[in-house]
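Below is one structure, written out as C-alpha cells, with a few remarks after it.
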4 protein chains.
Amino acid sequence: MGSTPQARRSDTRERIQKTALDLFVSRGYEKTSLREIAEELGVTKAALYYHFKTKEDILSAISRDLGRPVDELIVWAEEQPPTMETKRELLRRYSVALGSAMPIYHILQENQATLRDLAIGQELRDRVTTISRLMHAGDLAFECHARVASAVMTVHFGAFTLDALGGTAEERREALLEVALDTLAGVRAPDPASALAAGGN
Amino acid sequence: MGSTPQARRSDTRERIQKTALDLFVSRGYEKTSLREIAEELGVTKAALYYHFKTKEDILSAISRDLGRPVDELIVWAEEQPPTMETKRELLRRYSVALGSAMPIYHILQENQATLRDLAIGQELRDRVTTISRLMHAGDLAFECHARVASAVMTVHFGAFTLDALGGTAEERREALLEVALDTLAGVRAPDPASALAAGGN
Amino acid sequence: MGSTPQARRSDTRERIQKTALDLFVSRGYEKTSLREIAEELGVTKAALYYHFKTKEDILSAISRDLGRPVDELIVWAEEQPPTMETKRELLRRYSVALGSAMPIYHILQENQATLRDLAIGQELRDRVTTISRLMHAGDLAFECHARVASAVMTVHFGAFTLDALGGTAEERREALLEVALDTLAGVRAPDPASALAAGGN
Amino acid sequence: MGSTPQARRSDTRERIQKTALDLFVSRGYEKTSLREIAEELGVTKAALYYHFKTKEDILSAISRDLGRPVDELIVWAEEQPPTMETKRELLRRYSVALGSAMPIYHILQENQATLRDLAIGQELRDRVTTISRLMHAGDLAFECHARVASAVMTVHFGAFTLDALGGTAEERREALLEVALDTLAGVRAPDPASALAAGGN
DNA sequence: CATGAATGAGTGTTCATTCAT
DNA sequence: AATGAATGAACACTCATTCAT
C-alpha cells in the first residue's frame with residue numbers, strides 16, 4: 001500500500017497532459033503557450049518536447065485518452081441494427097460517455113476556429129459527426145431528421161453549456177436525456193429494409 | 001448638394017467591416033491578422049487604425065450592426081409578460097433573428113476561448129444569456145427548465161451547425177423551430193405571480 | 001551638394017543588405033542570426049521583417065544586386081556563336097565580372113550545404129552552371145572538356161581562394177586568367193557545324 | 001580464443017562514424033543533428049556521447065581515418081627535395097589520395113563557414129594548405145605561382161565538383177591530372193639553392 | 001554499454017500596435 | 001484619409017549537451 005510500487009520512472013508525461021488539459025480548458029488551446037504549461041509544471045519548454053512531438057501532439061494524446069469511451073460507443077453502435085431502440089440506447093450511452101469525455105469536447109467546442117486546420121481537430125469533429133450519422137441512419141422524413149438533430153444537440157451541447165441550469169451535473173444530464181428521448185419518441189420508425197441498407201454504410 | 005449630402009466621405013470603414021467579417025467567419029478571429037484584412041482590402045494596416053481603435057473594435061462594430069435584430073428582440077421581450085405564449089413567440093422571433101445575425105454568433109461560437117477575456121466576447125455572450133434568461137423566466141420545475149433549454153439549444157445551435165441536414169436554410173429553420181415549439185409544449189405554465197417577480201430580474 | 005537630395009526616405013533596406021552581406025561573408029549564412037544583423041544595425045528583428053519576407057529573401061536581394069554583371073554576361077554569351085574565340089572572351093569577361101560579384105560566390109562557396117535546399121542556392125548554382133555549360137558547348141573530345149574545366153576552375157576558384165598568392169587582387173586575376181587562357185589554347189576547335197547545333201541549345 | 005580476440009566489444013563507434021559521414025556528406029555538418037544520427041542508427045543521443053565527447057569529435061575521428069593517405073603523402077613530400085619532379089609526383093599522388101579522402105574534403109568544401117571556428121576545420125584546411133605550400137615551395141616567379149595554383153586547383157576542385165564532365169571518376173581524375181601536369185610544365189624550375197631554403201620552412 | 005529525462009540558449013517568424021509625416 | 005517605418009513581446013520549435021541510473 002502507498003507509494004506506487006513498480007512505476008515512478010517519471011510521471012512527467014502524464015503531468016504534462018493533465019496540466020495542458022486544465023489550461024486548454026480554462027484559457028483555450030491557442031492562448032495557452034507551451035511556456036505557460038512548462039512554467040506551471042516547473043520544467044522547461046524543451047522538456048515538453050522530450051515527451052511530445054508538437055503542441056498538437058499533446059492535445060492528441062489527451063483526446064485519445066479521454067475520447068476512448070465515445071470511441072468504444074461508436075464501435076458498439078456500428079454493430080447494432082439501426083432501429084429506433086438502438087438509437088435510444090445510443091443516445092443514453094452517449095449522454096453517459098460525454099460525462100467523462102466532456103473536457104475535450106469542451107475544448108473542441110470553444111476552439112473550433114483554431115482546430116479547423118489541425119489534424120486533431122478533424123479527429124475530434126469526426127467523433128461527433130459519426131455519432132450524429134448513426135443517429136440519423138435510415139430512411140427518415142425530413143421532419144424526423146430535425147427531431148433527431150434536436151435530441152442529439154440537447155444531449156451534446158447540454159453537456160457543456162448548461163452549468164446555469166442548476167442541480168448537479170448528473171441531475172442535469174438525466175433531465176436533458178429525458179427531454180431528448182421524448183423528442184426522439186416523435187420519430188416514425190424508418191422502413192427496416194432501407195434502414196439496413198443505409199445502416200451498412 | 002447632390003444625392004448623398006453628408007456621407008460618401010469614404011466607404012472604407014464599411015469595407016473594412018465587411019472584409020473583416022468574412023475573414024473572421026472563414027478563418028477565425030485570432031487567426032485573422034490585421035495584415036490579412038489590410039492586404040485583402042488593398043490598404044495598409046495603419047489605415048485600419050485610422051478607422052478603428054483596435055482589432056477588437058472592428059469586431060465590436062460588426063457585432064453592433066449585425067446584432068441589432070436580436071437586441072431589438074430583447075427589448076421587445078422584456079416588455080412582455082412572461083407567459084408561455086410570450087416564450088413561444090420569443091422562440092419564433094429568435095429563430096428568425098438568428099437568420100441575419102448568424103455570422104456573429106458563428107464567430108462567437110467558434111472563437112469562445114479567444115473571446116473569453118475580450119469585452120466584446122462578454123457582450124456577445126450576454127445577448128445569448130439574456131434570451132435564455134427570458135425563456136427560463138418564471139417558477140418552473142427543474143424538468144421544465146430542461147425542456148426550455150432543449151428548445152433554445154435546438155433553435156440556437158441548429159442555426160449554425162446543421163448544414164448537413166439537407167434542405168434549404170429556411171426549411172431547416174422551420175423544421176427545427178417546429179420541434180423546439182413541440183418540446184416547449186411540454187412545459188407546465190409557471191405561476192404568473194412568481195413569474196412576474198423572476199422576469200423582473 | 002552633400003546630403004543626398006531626393007532620397008532619404010529611409011535607406012534601411014540597403015543598410016540591412018550591406019550589413020547582412022558582411023556578416024554572411026564573415027560568419028556564414030546559417031551562423032548569422034537575424035538578431036545579430038538587427039543588433040549590428042541598431043534596429044529590432046521585426047524591422048528586418050518589414051523590409052524582407054524571410055532571411056532567405058535578404059540573401060536573394062543581395063544576390064540579385066551583386067549577380068547582375070554575371071547575369072548580363074550570360075545574356076551576352078548566349079547570343080554569340082560557340083567558337084573558341086567566344087569562349088576566350090567569355091572567360092576574360094567572367095574573370096572581370098567575378099571581381100564585383102565575388103562576395104555572393106564566396107557565400108555560395110562556403111555555405112553550399114546550407115544553401116542546398118534553398119531556392120536562392122539553386123539560383124546561385126545555376127549561374128555557375130550556365131557559365132560552365134557555355135564554356136563546354138560544342139562537340140569536344142573528353143580531354144578537351146578537361147582542359148576547359150581546368151580553365152574555368154582556375155578563374156572561378158582562383159577568385160576567392162587565393163589570397164595567399166601575394167600581389168594585388170587585380171594582379172592575381174590577370175595572372176590566373178593568363179594561365180587559364182593558356183590551358184584553353186590546347187583545346188582543338190570543335191567542328192563548327194556540330195558546334196552550332198549544340199550551341200543552339 | 002577465436003578469430004577476433006580482444007576486439008568486437010561493439011562496433012558501435014565505427015557505425016556512428018559511418019552513419020555520421022553519410023549524413024554530413026548528404027545533408028551538411030550543421031544541418032545534421034545528433035538526433036538524426038542516433039535515430040538512423042537506432043540508438044539514443046546519449047549513446048553517441050558515450051563514444052564521442054562532442055559532435056565535432058565525431059567529425060575529427062572521421063577526418064583522422066579518411067585523411068590518413070593525405071597525411072602520409074605530406075610526410076613523404078616533406079622529405080623530398082623541392083624539385084619540379086617532386087612536385088609533379090606530389091600532384092600525381094595527391095590526385096590519387098583524394099580519391100579515398102574525398103568525402104572529408106567534400107565536407108570541408110561545403111561547410112567551410114560552419115567549420116571556420118572549429119578546431120577540426122583548421123586541421124582540415126591545414127592539410128590542403130600544406131599540400132599547396134609544398135607545391136609552391138621555392139623561388140618562383142609570380143606567374144609561375146599562378147600556374148602552380150591552377151594545377152593544384154584543377155586536381156583539388158576537380159575531384160568533387162565535376163560529376164557532370166562525364167566518364168568514370170577514374171577517367172576524370174586521369175584527364176584532369178594530365179591537364180594539371182601540362183600546366184605545371186610551363187613552370188620554370190626554381191633556383192635549387194633558394195629552393196632548399198624556402199622548402200625547409 | 002547505454003538510456004531516459006531534462007536543460008539553457010537559441011532560431012526564424014508573426015502579431016497588434018504606434019507615430020511622424 | 002492614409003502611409004511607411006518601426007517596435008516589443010510573444011510563439012512554436014530545435015539543438016548540443018549533461019547526468020543519474
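Within every chain, numbering begins at 1; the chains are lettered A, B, ... in the order of the sequence lines, protein sequences first and strands thereafter. Here the structure is a predicted model, which means the values were calculated and not measured.
Among the nucleotides F/dT3, F/dA16, E/dT17, the one closest to the side chain of D/Ser33 is F/dA16. Picking from F/dT18, E/dT7, F/dT7 the nucleotide with the shortest atom distance to the side chain of A/Ala46 gives E/dT7. Of the listed nucleotides (E/dT7, E/dT14, F/dT18), E/dT7 has the atom at the smallest distance from the side chain of A/Thr44. For B/Ala47, whose side chain is taken as the heavy atoms from C-beta onward, the closest listed nucleotide among F/dA2, F/dA10, E/dA5 is F/dA2. In this structure, of F/dT17, F/dA10, E/dG10, it is F/dA10 that holds the atom nearest to the side chain of A/Arg35.
Comparing B/Thr54 and D/Thr12 against DNA chain E, the residue whose closest nucleotide sits nearer the 5' end is D/Thr12. Looking at which nucleotide of DNA chain F each of A/Lys53 and C/Tyr50 is closest to, the 5′-most match is held by C/Tyr50. Position along DNA chain E of the nearest nucleotide to A/His51 versus D/Val43 favours D/Val43 as the more 5'-ward residue. If you find the closest nucleotide of DNA chain F to A/Leu34 and to C/Arg15, the one lying nearer the 5' end belongs to C/Arg15.
Annotation for D/Leu41 and D/Ile16: closest pair CD1-CA, 3.6 Å, computed over non-hydrogen atoms. A pairwise comparison of heavy atoms in C/Ile37 and C/Ala20 identifies CD1-CB, 3.9 Å as the closest pair. Across all non-hydrogen atoms, the minimal contact from D/His106 to D/Phe160 is CD2-CB, 3.8 Å.
Taking atom CG of residue C/Leu48 and atom P of nucleotide F/dG8, one finds them 14 Å apart after rounding to whole Å. The separation between C/Glu30 atom CD and F/dA16 atom C1' is 15 Å, rounded to whole Å. Atom CD in D/Glu39 sits about 15 Å away from atom C1' in E/dT3, given to the nearest Å. In this structure, CG of C/Asp11 is placed 17 Å from P of F/dG4, rounded to the nearest angstrom. Rounded to an integer number of Å, the gap from CD of D/Glu56 to P of F/dC15 is 18 Å. In this structure, A/Ile37 atom CD1 and F/dC11 atom C1' are separated by 12 Å, rounded to whole Å. Between the NZ atom of A/Lys31 and the P atom of F/dA12 there is a distance of 13 Å, given to the nearest Å. The CZ-C1' distance, from C/Arg13 to F/dA5, rounds to 14 Å in whole Å.
Base-pair partner of F/dA20: E/dT3 (Watson-Crick or G-U wobble, both distances under 3.5 Å). Both distances falling under 3.5 Å, in either a Watson-Crick or a G-U wobble arrangement, place E/dA9 opposite F/dT14.
Interface remark: the D/Lys45 side chain does form a donor-acceptor pair with the F/dT17 base, using a distance-only criterion of under 3.5 Å.
Atom-to-atom distance recorded for D/Arg127:CZ and D/Asp71:CG is 4.5 Å, nearest 0.5 angstrom.
A donor-acceptor contact shorter than 3.5 Å links the side chain of D/Arg116 to the backbone of C/Ser26.
C/Lys18 has no carboxylate O lying under 4.0 Å from a charged side-chain N of C/Glu14, or vice versa, which leaves the two without a salt bridge.
Residue C/Tyr49 has no polar side-chain atom (N or O) positioned under 4.0 Å from OP1 or OP2 of E/dT14.
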